[in-house]
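Contents: one structure, followed by commentary.
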Amino acid sequence: MNQLEQLKKMTTVVADTGDFDSIKIYKPTDSTTNPSLILAASSQPQYAHLIEEAVKYGKSKGKNLKEKTEFSLDKIFVNFGLEILKIIPGRVSTEVDARLSFDVEGSIQKARHLIALYESAHIDRKRILIKLASTWEGAVAAKRLEKEGIHCNMTLLFSLPQAIACAEAGATLISPFVGRILDWYKKNVKPEGYAPEEDPGVLSVAEIYHYFKKFGYKTEIMGASFRNKGEILALAGCDLLTIAPNFLQELKNTTDPIERALDPAEMDHSLQKMHLDEKNFRFLLNENAMATEKLAEGIRKFSEDIVKLERLIQGKL
(Lines give C-alpha, C1' and ligand atoms only; values in the text may rest on other atoms or scores of the structure.)
Protein backbone atom coordinates (compact mmCIF):
# COMPACT_ATOMS: atom_id res chain seq x y z
CA MET A 1 0.00 0.00 0.00
CA ASN A 2 1.10 3.56 -0.59
CA GLN A 3 1.32 5.92 2.39
CA LEU A 4 -2.07 7.50 1.72
CA GLU A 5 -3.72 4.07 1.80
CA GLN A 6 -1.82 3.19 4.99
CA LEU A 7 -2.84 6.47 6.63
CA LYS A 8 -6.51 5.85 5.81
CA LYS A 9 -6.31 2.64 7.89
CA MET A 10 -5.65 4.62 11.09
CA THR A 11 -6.98 8.14 10.42
CA THR A 12 -9.94 9.62 8.56
CA VAL A 13 -8.38 11.52 5.64
CA VAL A 14 -10.03 14.82 4.69
CA ALA A 15 -9.27 16.91 1.58
CA ASP A 16 -8.38 20.54 2.35
CA THR A 17 -9.41 22.06 -0.98
CA GLY A 18 -12.20 23.63 -2.98
CA ASP A 19 -10.97 21.91 -6.15
CA PHE A 20 -13.36 19.14 -7.18
CA ASP A 21 -10.89 17.36 -9.46
CA SER A 22 -8.45 16.89 -6.57
CA ILE A 23 -11.21 15.49 -4.39
CA LYS A 24 -12.10 12.95 -7.09
CA ILE A 25 -8.48 11.82 -7.40
CA TYR A 26 -7.69 11.29 -3.69
CA LYS A 27 -11.08 9.96 -2.53
CA PRO A 28 -11.17 11.46 0.96
CA THR A 29 -13.99 10.74 3.43
CA ASP A 30 -14.70 14.41 4.20
CA SER A 31 -13.69 17.78 2.78
CA THR A 32 -13.03 21.20 4.30
CA THR A 33 -13.35 24.62 2.72
CA ASN A 34 -12.59 28.13 3.92
CA PRO A 35 -12.91 31.64 2.40
CA SER A 36 -9.33 31.54 1.07
CA LEU A 37 -9.85 28.21 -0.73
CA ILE A 38 -13.19 29.36 -2.19
CA LEU A 39 -11.60 32.63 -3.33
CA ALA A 40 -8.83 30.70 -5.11
CA ALA A 41 -11.34 28.35 -6.76
CA SER A 42 -13.68 31.18 -7.79
CA SER A 43 -11.10 32.56 -10.22
CA GLN A 44 -11.08 29.30 -12.21
CA PRO A 45 -13.41 29.19 -15.24
CA GLN A 46 -14.76 25.70 -14.50
CA TYR A 47 -16.43 27.08 -11.36
CA ALA A 48 -17.90 30.24 -12.94
CA HIS A 49 -21.39 28.70 -13.11
CA LEU A 50 -21.45 28.28 -9.31
CA ILE A 51 -20.67 31.96 -8.86
CA GLU A 52 -23.22 33.05 -11.47
CA GLU A 53 -25.97 30.94 -9.92
CA ALA A 54 -25.21 32.39 -6.47
CA VAL A 55 -25.31 35.96 -7.76
CA LYS A 56 -28.65 35.25 -9.45
CA TYR A 57 -29.93 33.92 -6.12
CA GLY A 58 -28.63 37.00 -4.27
CA LYS A 59 -30.35 39.32 -6.73
CA SER A 60 -33.66 37.55 -6.18
CA LYS A 61 -33.42 37.61 -2.36
CA GLY A 62 -31.81 40.92 -1.42
CA LYS A 63 -33.53 44.32 -1.28
CA ASN A 64 -30.33 46.37 -1.59
CA LEU A 65 -26.66 45.87 -2.56
CA LYS A 66 -25.60 44.86 0.98
CA GLU A 67 -28.31 42.19 1.25
CA LYS A 68 -27.76 40.93 -2.31
CA THR A 69 -24.04 40.60 -1.61
CA GLU A 70 -24.61 38.72 1.65
CA PHE A 71 -27.13 36.29 0.14
CA SER A 72 -24.81 35.69 -2.84
CA LEU A 73 -21.80 35.07 -0.59
CA ASP A 74 -23.61 32.48 1.53
CA LYS A 75 -24.90 30.77 -1.61
CA ILE A 76 -21.38 30.59 -3.11
CA PHE A 77 -20.11 28.74 -0.03
CA VAL A 78 -23.10 26.38 -0.13
CA ASN A 79 -22.85 25.84 -3.91
CA PHE A 80 -19.24 24.67 -3.52
CA GLY A 81 -20.27 22.48 -0.58
CA LEU A 82 -23.10 20.89 -2.59
CA GLU A 83 -20.75 19.99 -5.44
CA ILE A 84 -18.24 18.49 -3.00
CA LEU A 85 -20.98 16.41 -1.34
CA LYS A 86 -21.68 14.79 -4.72
CA ILE A 87 -18.13 13.39 -4.65
CA ILE A 88 -17.43 12.47 -1.01
CA PRO A 89 -19.28 9.98 1.22
CA GLY A 90 -18.92 12.06 4.38
CA ARG A 91 -19.17 15.66 5.53
CA VAL A 92 -18.22 19.05 4.15
CA SER A 93 -17.17 21.98 6.35
CA THR A 94 -18.56 25.42 5.48
CA GLU A 95 -17.24 28.48 7.29
CA VAL A 96 -19.19 31.25 9.01
CA ASP A 97 -18.05 34.78 8.06
CA ALA A 98 -14.84 35.42 10.04
CA ARG A 99 -16.03 38.95 10.80
CA LEU A 100 -18.53 37.30 13.18
CA SER A 101 -15.77 35.67 15.26
CA PHE A 102 -16.68 37.75 18.34
CA ASP A 103 -20.44 37.84 17.70
CA VAL A 104 -22.38 34.96 19.29
CA GLU A 105 -25.82 35.85 17.92
CA GLY A 106 -24.47 36.77 14.48
CA SER A 107 -22.61 33.44 14.24
CA ILE A 108 -25.70 31.47 15.25
CA GLN A 109 -27.93 33.25 12.73
CA LYS A 110 -25.37 32.74 9.94
CA ALA A 111 -24.96 29.04 10.80
CA ARG A 112 -28.74 28.52 10.75
CA HIS A 113 -28.98 30.24 7.37
CA LEU A 114 -26.21 28.11 5.85
CA ILE A 115 -27.87 24.94 7.15
CA ALA A 116 -31.24 26.10 5.76
CA LEU A 117 -29.64 26.55 2.33
CA TYR A 118 -28.23 23.01 2.46
CA GLU A 119 -31.53 21.56 3.66
CA SER A 120 -33.42 23.35 0.87
CA ALA A 121 -31.16 21.34 -1.48
CA HIS A 122 -32.21 18.13 0.35
CA ILE A 123 -28.92 17.69 2.23
CA ASP A 124 -29.16 16.28 5.76
CA ARG A 125 -27.55 18.62 8.31
CA LYS A 126 -25.57 15.63 9.61
CA ARG A 127 -23.39 15.95 6.49
CA ILE A 128 -22.50 19.59 7.23
CA LEU A 129 -19.96 20.95 9.69
CA ILE A 130 -20.27 24.67 10.37
CA LYS A 131 -16.83 26.21 10.88
CA LEU A 132 -16.48 28.77 13.66
CA ALA A 133 -13.36 30.51 14.94
CA SER A 134 -12.11 29.12 18.27
CA THR A 135 -12.78 32.30 20.22
CA TRP A 136 -14.76 32.29 23.48
CA GLU A 137 -17.72 33.60 21.51
CA GLY A 138 -17.26 30.85 18.92
CA ALA A 139 -17.42 28.20 21.66
CA VAL A 140 -20.57 29.76 23.16
CA ALA A 141 -22.20 29.80 19.71
CA ALA A 142 -21.16 26.16 19.11
CA LYS A 143 -22.73 25.04 22.39
CA ARG A 144 -26.11 26.45 21.33
CA LEU A 145 -25.85 25.22 17.74
CA GLU A 146 -24.95 21.68 18.76
CA LYS A 147 -28.13 21.56 20.88
CA GLU A 148 -30.06 22.34 17.67
CA GLY A 149 -28.37 19.48 15.83
CA ILE A 150 -26.07 21.84 13.90
CA HIS A 151 -22.61 20.30 14.10
CA CYS A 152 -19.56 22.55 14.44
CA ASN A 153 -15.94 22.42 13.31
CA MET A 154 -13.88 24.82 15.45
CA THR A 155 -11.15 26.36 13.33
CA LEU A 156 -8.21 28.72 13.94
CA LEU A 157 -7.23 26.69 16.99
CA PHE A 158 -3.67 27.03 18.29
CA SER A 159 -3.71 26.07 21.98
CA LEU A 160 -4.98 23.60 24.59
CA PRO A 161 -7.27 26.15 26.34
CA GLN A 162 -9.04 26.82 23.02
CA ALA A 163 -9.41 23.07 22.46
CA ILE A 164 -10.83 22.48 25.95
CA ALA A 165 -13.32 25.37 25.66
CA CYS A 166 -14.59 23.91 22.37
CA ALA A 167 -14.80 20.36 23.74
CA GLU A 168 -16.66 21.49 26.87
CA ALA A 169 -19.09 23.33 24.56
CA GLY A 170 -19.78 19.96 22.93
CA ALA A 171 -18.39 20.89 19.51
CA THR A 172 -18.35 17.94 17.11
CA LEU A 173 -14.82 18.60 15.85
CA ILE A 174 -11.81 20.87 16.34
CA SER A 175 -9.17 21.80 13.75
CA PRO A 176 -5.84 22.60 15.43
CA PHE A 177 -3.52 24.34 12.93
CA VAL A 178 -0.18 22.54 12.82
CA GLY A 179 1.70 24.49 10.14
CA ARG A 180 0.76 27.97 11.32
CA ILE A 181 2.14 27.13 14.78
CA LEU A 182 5.38 26.02 13.09
CA ASP A 183 5.45 29.28 11.09
CA TRP A 184 5.36 31.33 14.29
CA TYR A 185 8.11 29.34 16.00
CA LYS A 186 10.38 29.48 12.94
CA LYS A 187 9.90 33.25 12.77
CA ASN A 188 10.29 33.96 16.48
CA VAL A 189 12.27 31.12 18.08
CA LYS A 190 14.20 28.78 15.77
CA PRO A 191 14.60 29.95 12.16
CA GLU A 192 16.39 26.75 11.08
CA GLY A 193 13.22 24.74 11.76
CA TYR A 194 12.33 21.53 13.59
CA ALA A 195 12.33 17.79 13.01
CA PRO A 196 8.73 16.46 12.73
CA GLU A 197 8.79 14.83 16.16
CA GLU A 198 9.91 18.16 17.73
CA ASP A 199 7.63 20.35 15.60
CA PRO A 200 5.70 22.69 17.97
CA GLY A 201 2.53 22.27 15.87
CA VAL A 202 2.77 18.48 16.06
CA LEU A 203 3.43 18.61 19.81
CA SER A 204 0.42 20.90 20.31
CA VAL A 205 -1.95 18.50 18.51
CA ALA A 206 -0.48 15.51 20.35
CA GLU A 207 -1.07 17.26 23.70
CA ILE A 208 -4.69 17.99 22.77
CA TYR A 209 -5.17 14.40 21.55
CA HIS A 210 -3.86 12.89 24.80
CA TYR A 211 -5.86 15.35 26.93
CA PHE A 212 -9.11 14.55 25.13
CA LYS A 213 -8.56 10.79 25.31
CA LYS A 214 -7.55 10.89 29.00
CA PHE A 215 -10.56 12.93 30.10
CA GLY A 216 -13.10 11.31 27.78
CA TYR A 217 -14.06 14.19 25.50
CA LYS A 218 -16.09 13.07 22.49
CA THR A 219 -15.01 16.02 20.29
CA GLU A 220 -13.02 14.78 17.29
CA ILE A 221 -9.55 16.19 16.58
CA MET A 222 -8.63 17.03 12.99
CA GLY A 223 -5.06 18.23 12.46
CA ALA A 224 -4.93 20.94 9.78
CA SER A 225 -2.66 23.39 7.96
CA PHE A 226 0.42 21.28 7.23
CA ARG A 227 3.75 22.59 5.96
CA ASN A 228 5.41 19.26 5.12
CA LYS A 229 4.64 15.55 4.90
CA GLY A 230 6.65 14.85 8.05
CA GLU A 231 4.08 16.71 10.15
CA ILE A 232 1.32 14.51 8.73
CA LEU A 233 3.17 11.27 9.43
CA ALA A 234 4.01 12.46 12.95
CA LEU A 235 0.25 12.69 13.62
CA ALA A 236 -0.76 9.35 12.05
CA GLY A 237 -3.54 7.96 14.22
CA CYS A 238 -5.14 11.33 14.93
CA ASP A 239 -8.94 11.13 14.59
CA LEU A 240 -8.86 13.05 11.30
CA LEU A 241 -6.28 14.94 9.24
CA THR A 242 -7.26 17.51 6.60
CA ILE A 243 -4.59 17.54 3.92
CA ALA A 244 -3.97 19.72 0.86
CA PRO A 245 -3.78 18.00 -2.55
CA ASN A 246 0.01 18.43 -2.95
CA PHE A 247 0.64 16.46 0.25
CA LEU A 248 -2.00 13.87 -0.63
CA GLN A 249 -0.01 13.28 -3.82
CA GLU A 250 3.27 13.02 -1.89
CA LEU A 251 1.70 10.36 0.34
CA LYS A 252 0.40 8.52 -2.72
CA ASN A 253 3.82 8.54 -4.37
CA THR A 254 5.62 6.37 -1.81
CA THR A 255 5.09 2.97 -0.19
CA ASP A 256 7.40 3.50 2.80
CA PRO A 257 5.75 2.03 5.91
CA ILE A 258 3.89 4.34 8.32
CA GLU A 259 3.90 3.78 12.08
CA ARG A 260 0.99 4.92 14.21
CA ALA A 261 2.12 7.99 16.16
CA LEU A 262 -1.04 8.72 18.20
CA ASP A 263 -2.86 5.93 19.99
CA PRO A 264 -5.71 6.34 22.51
CA ALA A 265 -4.31 3.38 24.45
CA GLU A 266 -1.13 5.32 25.22
CA MET A 267 -2.19 7.84 27.87
CA ASP A 268 -0.12 10.80 29.04
CA HIS A 269 -0.75 10.45 32.78
CA SER A 270 1.05 13.72 33.60
CA LEU A 271 -1.80 15.82 32.15
CA GLN A 272 -3.93 17.60 34.76
CA LYS A 273 -7.58 18.55 34.27
CA MET A 274 -7.99 22.23 33.40
CA HIS A 275 -11.11 24.07 34.58
CA LEU A 276 -12.05 26.92 32.28
CA ASP A 277 -14.43 29.82 32.59
CA GLU A 278 -14.40 32.88 30.34
CA LYS A 279 -11.92 34.84 32.50
CA ASN A 280 -9.56 31.86 32.70
CA PHE A 281 -9.83 31.22 28.96
CA ARG A 282 -9.02 34.82 28.03
CA PHE A 283 -6.08 34.98 30.44
CA LEU A 284 -4.54 31.68 29.30
CA LEU A 285 -4.95 32.59 25.63
CA ASN A 286 -3.36 35.98 26.31
CA GLU A 287 -0.43 34.26 28.05
CA ASN A 288 0.26 32.30 24.85
CA ALA A 289 1.78 34.85 22.46
CA MET A 290 1.78 32.42 19.53
CA ALA A 291 -1.88 31.46 19.89
CA THR A 292 -2.98 35.05 20.46
CA GLU A 293 -1.13 36.34 17.39
CA LYS A 294 -2.06 33.47 15.06
CA LEU A 295 -5.76 33.57 16.04
CA ALA A 296 -5.91 37.32 15.35
CA GLU A 297 -3.96 36.95 12.10
CA GLY A 298 -6.16 34.07 10.94
CA ILE A 299 -9.37 36.01 11.53
CA ARG A 300 -7.92 39.02 9.67
CA LYS A 301 -6.81 36.90 6.70
CA PHE A 302 -10.13 35.08 6.31
CA SER A 303 -11.94 38.42 6.67
CA GLU A 304 -9.76 39.96 3.93
CA ASP A 305 -10.59 37.09 1.58
CA ILE A 306 -14.30 37.43 2.30
CA VAL A 307 -14.07 41.13 1.36
CA LYS A 308 -12.34 40.13 -1.90
CA LEU A 309 -15.16 37.66 -2.62
CA GLU A 310 -17.72 40.39 -1.89
CA ARG A 311 -16.01 42.68 -4.41
CA LEU A 312 -16.12 39.89 -6.99
CA ILE A 313 -19.85 39.45 -6.31
CA GLN A 314 -20.57 43.18 -6.43
CA GLY A 315 -18.82 43.43 -9.79
CA LYS A 316 -21.29 40.86 -11.10
CA LEU A 317 -24.31 42.41 -9.32
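Numbers here are sequence positions counted from 1. This is a predicted model, so every value here is computed, not measured.
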For the residue pair [X] and [Y], establish whether any side-chain heavy-atom pair is separated by less than 4.5 Å.
X	Y	answer
Val13	Leu248	yes
Val14	Ile243	no
Leu85	Arg91	no
Ile306	Lys301	no
Arg180	Arg227	yes
Asn64	Lys68	no
Gln249	Asn253	yes
Leu251	Leu233	yes

Would you check if the side chain of [X] reaches a backbone N or O of [Y] as a donor-acceptor pair within less than 3.5 Å?
X	Y	result
Thr292	Ala289	no
Ser175	Ala224	no
Gln162	Leu156	yes
Thr11	Lys8	no
Gln6	Met1	yes

Pairing donors with acceptors under 3.5 angstrom, does anything connect the side chains of [X] and [Y]?
X	Y	answer
Glu250	Asn246	no
Asn288	Ser159	no
Asn2	Thr255	no
Glu95	Thr155	no
His275	Asn280	no
Thr17	Tyr26	no
Thr32	Asp16	yes
Gln3	Asp256	no
Glu310	Thr69	no

Pairing of [X] and [Y] as salt bridge, 4.0 angstrom limit:
X	Y	answer
Glu119	Arg127	no
Glu297	Lys294	yes
Arg125	Glu146	no
Asp74	Lys110	yes
Lys308	Asp305	yes

Indicate if [X] and [Y] have the same hydrophobic cluster label, given that clusters are the connected sets of ILVMFWY residues with side-chain heavy-atom separations under 4.5 angstrom.
X	Y	result
Leu240	Phe158	no
Ile51	Leu317	yes
Ile115	Val92	yes
Ile164	Leu157	yes
Phe302	Ile130	yes

What do you reckon, is [atom1] of [X] surrounded by more than 12 foreign heavy atoms closer than 6.0 Å?
X	atom1	answer
Lys229	NZ	yes
Lys279	NZ	no
Gln44	CD	yes
Lys190	NZ	yes

- line: Separation between SG (Cys238) and CG (Asp263), nearest 0.5 Å, reads 12.0 Å

- request: Find the distance between CG (Leu235) and CE (Met10) and round it off to the nearest 0.5 Å.
  value: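 One gets 12.0 Å once the value is rounded to the nearest 0.5 Å.
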
- prompt: Does NZ or CZ of Lys61 fall inside the cone over Phe71's six-membered ring, less than 6.0 Å from its centre and within 45° of the axis?
  reply: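 So Lys61 doesn't make the cation-pi contact.
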
message: Name the residue from Glu70, Glu52, Glu53 that meets the salt bridge (Lys or Arg N to Asp or Glu O under 4.0 Å) definition with Lys75.
response: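 Answer to the salt bridge (Lys or Arg N to Asp or Glu O under 4.0 Å) test with Lys75 among Glu70, Glu52, Glu53: Glu53.
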
Quick one: closest heavy-atom pair of [X] and [Y], and the distance?
X	Y	result
Thr219	Ala167	OG1-CA, 3.4 Å
Ser93	Asn153	OG-ND2, 3.1 Å
Val55	Ser72	CA-OG, 3.6 Å
Ala236	Ile258	CB-CG2, 3.9 Å
Ala139	Met154	N-CE, 3.9 Å
Thr135	Gly138	OG1-N, 2.9 Å

message: side chain to side chain contact (heavy atoms under 4.5 Å, CB included) for Lys131 and Asn34? Distances and angles first, verdict last.
response: CA-CA 8 Å; Lys131 289 177 81 174; Asn34 63 47; 3.9 Å; yes

query: Are Phe247 and Phe226 an aromatic pair by the rule of ring centers under 6.0 Å?
result: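 No.
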
Name the atoms and distances for all side-chain donor-acceptor pairs under 3.5 Å in residues 192-212, with sequence neighbours left out.
| from | atom 1 | to | atom 2 | distance (Å) |
| --- | --- | --- | --- | --- |
| Asp199 | OD1 | Gly201 | N | 2.7 |
| Asp199 | OD1 | Val202 | N | 3.3 |
| His210 | ND1 | Glu266 | O | 3.2 |
| Tyr211 | OH | Met274 | N | 2.7 |

query: Going through the checks in order, is the side chain to side chain contact (heavy atoms under 4.5 Å, CB included) test met by Leu114 and Val96?
result: CA-CA 8 Å; Leu114 292 168; Val96 161; 4.3 Å; yes

task: Taking ring pair (Phe, Tyr, Trp, His ring centres under 6.0 Å) as the test, write out the residues that go with Phe80, two or more places apart.
output: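 Phe80: ring pair (Phe, Tyr, Trp, His ring centres under 6.0 Å) contacts with Phe20, Tyr47.
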
